[in-house]
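Just the heavy atoms: all of them, side chains too, but no hydrogens, waters or symmetry mates, feed the values below.
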Protein chains: 2
Amino acid sequence: MPGQRSITEAEKLAEAKLGGMPVRHEQMAVVANIYRAASAVRQHLENSVLRESDLTWTAFVVLWVIWVWGESETRHVAEEAGISKGTLTGVSRTLETRGLVRRAGHPSDGRLVLLSLTDEGEELMRRVFPKFNEEEAFVAGQLSDEECRGVADALRRVVLQVEEHGEERRLALLDGAEPAPRRSGRRPKA
Amino acid sequence: MPGQRSITEAEKLAEAKLGGMPVRHEQMAVVANIYRAASAVRQHLENSVLRESDLTWTAFVVLWVIWVWGESETRHVAEEAGISKGTLTGVSRTLETRGLVRRAGHPSDGRLVLLSLTDEGEELMRRVFPKFNEEEAFVAGQLSDEECRGVADALRRVVLQVEEHGEERRLALLDGAEPAPRRSGRRPKA
DNA sequence: AGGATATCGTTCGGGGCCAAATTGCACGAA
DNA sequence: TTCGTGCAATTTGGCCCCGAACGATATCCT
C-alpha cells in the first residue's frame with residue numbers, strides 16, 4: 001500500500017489534543033521527524049566511531065570542513081559547519097591543543113585567523129572518515145539510493161527556504177515590534 | 001528533469017578530496033542534510049515564535065510532550081522529548097520556577113516524579129502552538145503535502161533503524177574491546 | 001525479616017551553543 | 001595625524017546536553 005500514513009502513537013495523541021484546531025499535520029510531522037532523525041543519527045555516530053577517536057560531533061564537522069576546503073578563514077568554517085563564530089573559537093582551540101588543527105594569522109589582514117589541519121589531523125581524518133561514512137550508510141540502511149537522493153533534495157529545499165526567506169519572515173512576524181530579548185546569554189547593556 | 005542530482009559546492013570538494021576512496025555518496029548527503037535542516041528549522045523557530053514566549057526549543061518540546069500525553073513520569077517525558085534524564089531534571093526545574101509545570105511524587109511508588117502542566121502552562125501552549133505550527137508550515141513551504149509525508153516516512157525509517165539495530169551495531173563495531181570513555185562528563189570512579 | 005539487586009530521579013563534570021559585548025586591526029576622511 | 005567607522009575574532013553569561021556516580025525506594029529471594 002503505497003503512500004501509507006504510518007502515524008505514530010504520539011501523532012494520534014496530538015491529533016486528539018488539538019481537537020478542533022486547524023493543524024498542518026504533514027508539516028508538523030516532517031519537522032518532528034527531521035529533528036528526531038538528526039538526534040538519532042548524531043547520537044549513533046558519537047557513540048560509535050567518534051567515541052573511539054574522542055571527538056564530539058561538532059569537532060568532527062569542523063575537522064571535516066577544514067579537510068575538504070583546505071586552509072580557511074574562521075568565519076567561513078563556522079558558516080559551513082553550521083555553528084556560531086563564538087562556538088568555533090572554543091572548538092578550534094580544543095582541537096589546536098590536541099594537535100589536530102593549526103591556527104595562523106592572515107599574512108596581510110591582521111584581523112583574520114586561518115585554520116588548517118596538522119599532519120596528525122589529516123591522518124586522523126583519513127582514518128576516521130571511512131568509518132564515519134560506513135555508519136552513515138548504516139543509519140540510512142532502510143533507504144534506497146534513490147530515496148536518499150529524494151530526501152536529501154527535499155531537505156535542501158527546507159534549508160534554502162529558511163536561508164532565503166527566514167529573516168524576512170521573522171521581521172514580518174514582529175510587525176514593527178522590537179525583537180524581544182533572549183532569556184539565556186549575555187544581557188544587553190542598556 | 002526528475003531525479004536531478006543537484007550537487008552542492010561542498011559535495012564536489014568532498015568528492016575531489018576523497019579521490020580514490022570508495023564513498024557512499026547518497027548516504028553521506030542524506031545525513032548531512034538531515035542535520036543541516038534540523039539546525040535551520042530549530043534556529044528559525046527559536047528566533048521567531050519561541051523567542052516571543054521566552055522558550056528554548058527543548059523547553060517547548062518538553063511542554064509539548066506533557067501537553068499531549070498529560071501528566072507523565074519523567075523518564076517517559078525524557079524519552080519522548082529525546083533528551084537524557086539528567087537534562088530533563090534541569091529543564092523541568094526551570095519550567096517549574098516559571099510556573100508552567102507542576103511536579104508531584106507518585107502516590108504509590110516513591111521513586112517516581114510526575115510532571116503536568118499548570119493552568120498557565122496549558123494556556124501558554126494553546127496560545128503558542130498554533131504559531132509554532134504555522135512556522136513549521138513555513139519552513140516546509142517548498143514541499144507539497146505528499147512530499148512531506150514521503151520525507152517524514154523515510155526519516156521515521158532512519159530513526160527506527162538506529163533504535164532497533166543501533167546498539168547491536170555499536171557492540172559489533174567494538175568487537176570485544178572495552179567501550180572507550182567519553183572525553184567530557186564525569187570521570188568513571190575506578 | 002533482611003540483604004542483594006534493579007530502577008528511579010538527581011547531582012556533577014566537562015563540553016557545546018548562541019548572541020551581546022568587547023577588543024583589535026584596517027582604512028578612509030578631516 | 002588622528003579620528004571614526006567597519007569588520008574580524010574573542011570573551012562572557014546563561015542555558016542545554018550527556019552519561020557516570022549517587023542516594024533513595026522498590027522488589028525479589030532466601
Exercise for the section: Take the protein atom CD of A/E46 and the nucleotide atom P of D/dC18, then report the distance between them rounded to whole Å. Expected result: 9 Å
Practice task
Could you tell me whether the phosphate oxygens of D/dC18, OP1 or OP2, come under 4.0 Å of any side-chain nitrogen or oxygen in A/N47?
Solution key: no
Practice task
Examine the side chains of B/R103 and B/S92 and answer whether a donor and an acceptor come within less than 3.5 Å of each other.
Solution key: yes
Handout entry: Residue whose nearest DNA chain C nucleotide is more 5′ - A/G110 or B/K85
Key = B/K85
Practice task
Select one nucleotide: of C/dA19, D/dC16, C/dG9, the one nearest the side-chain heavy atoms of B/Q43.
Solution key: C/dA19
Problem - Side-chain N,O (B/T58) to OP1/OP2 (D/dC17) below 4.0 Å - result: yes
Practice task
Verify the contact: side-chain N or O of A/R103 to OP1 or OP2 of D/dT10, cut-off strictly under 4.0 Å; return yes or no.
Solution key: yes
Handout entry: Per A/V91 side chain, nearest of listed nucleotides C/dC18, C/dC17, D/dG19
Key = C/dC17
Exercise for the section: Assign the ring pair B/F129 / B/W64 to parallel, tilted or perpendicular, where the plane angle (0 to 90°) is split at 30° and 60°. Expected result: parallel
Exercise for the section: Starting from P on C/dC27, measure out to CG on A/L112 and report it in whole angstrom. Expected result: 10 Å
Practice task
Give a yes/no answer on whether the side chain of A/R93 brings an N or O atom under 4.0 Å of OP1 or OP2 in D/dT11.
Solution key: yes
Problem - Short side-chain N/O contact from A/S84 to OP1 or OP2 of C/dA19, under 4.0 Å - result: no
Practice task
Describe the nucleic acid contact of B/G82 in one word from base, sugar-phosphate, nothing, applying a heavy-atom distance below 4.0 Å.
Solution key: sugar-phosphate
Problem - Nearest-angstrom distance from the residue atom CZ of B/R186 to P of D/dC18 - result: 17 Å
Exercise for the section: Find the distance A/D54:CG to C/dG14:P and express it as a whole number of Å. Expected result: 14 Å
Practice task
Round to the nearest Å and state the distance from B/L88 atom CG to D/dC15 atom C1'.
Solution key: 15 Å
Exercise for the section: In whole angstrom, give the distance that lies between atom CD of A/E96 and atom C1' of D/dT10. Expected result: 14 Å
Exercise for the section: Please tell me which of the listed nucleotides, D/dA24, D/dC17, D/dG19, lies nearest to the side chain of B/R111? Expected result: D/dA24
Practice task
For the pair B/H76 and B/W69, name the ring-plane relationship: parallel under 30°, tilted 30 to 60°, perpendicular over 60°.
Solution key: perpendicular
Practice task
Please work out if B/T74 contacts a base, only the sugar-phosphate, or nothing of the nucleic acid, heavy-atom cut-off 4.0 Å.
Solution key: sugar-phosphate
Practice task
Kindly point out which of C/dC17, D/dC17, C/dG9 is positioned nearest to the side chain of B/I83?
Solution key: D/dC17
Practice task
From the options D/dT25, C/dA26, C/dG9, select the nucleotide whose nearest atom is closest to the side chain of A/D109.
Solution key: C/dA26
Completion exercise
From CZ of A/R75 across to C1' of D/dG6 the rounded distance in Å is 13 Å
Exercise for the section: Return yes when atom CD of B/E79 has more than 12 non-hydrogen atoms of other residues, nucleotides or ligands closer than 6.0 Å, and no otherwise. Expected result: no
Exercise for the section: Take atom CH2 of A/W57 and atom C1' of C/dG14, then tell me their distance rounded to the nearest Å. Expected result: 21 Å
Completion exercise
Of the candidates C/dC17, C/dA26, D/dT11, the side chain of A/T89 sits closest to D/dT11
Handout entry: Sidechain-backbone polar pair: A/Q161 side chain, B/F138 backbone, donor-acceptor under 3.5 Å
Key = yes
Problem - 5'-most by nearest nucleotide on DNA chain D - A/G86 or B/T94 - result: A/G86
Handout entry: First encountered from the 5' end of DNA chain C, between B/E73 and B/S184
Key = B/E73
Exercise for the section: Look at all strands and tell whether A/S39 reaches a base, only sugar-phosphate, or nothing, counting heavy atoms closer than 4.0 Å. Expected result: nothing
Practice task
Classify the side-chain pair B/R111/B/H106 by whether it contains a donor and acceptor separated by less than 3.5 Å.
Solution key: no
Practice task
Would you mind telling me which of C/dC17, D/dC16, C/dC8 lies closest to the side-chain atoms of B/T56?
Solution key: D/dC16
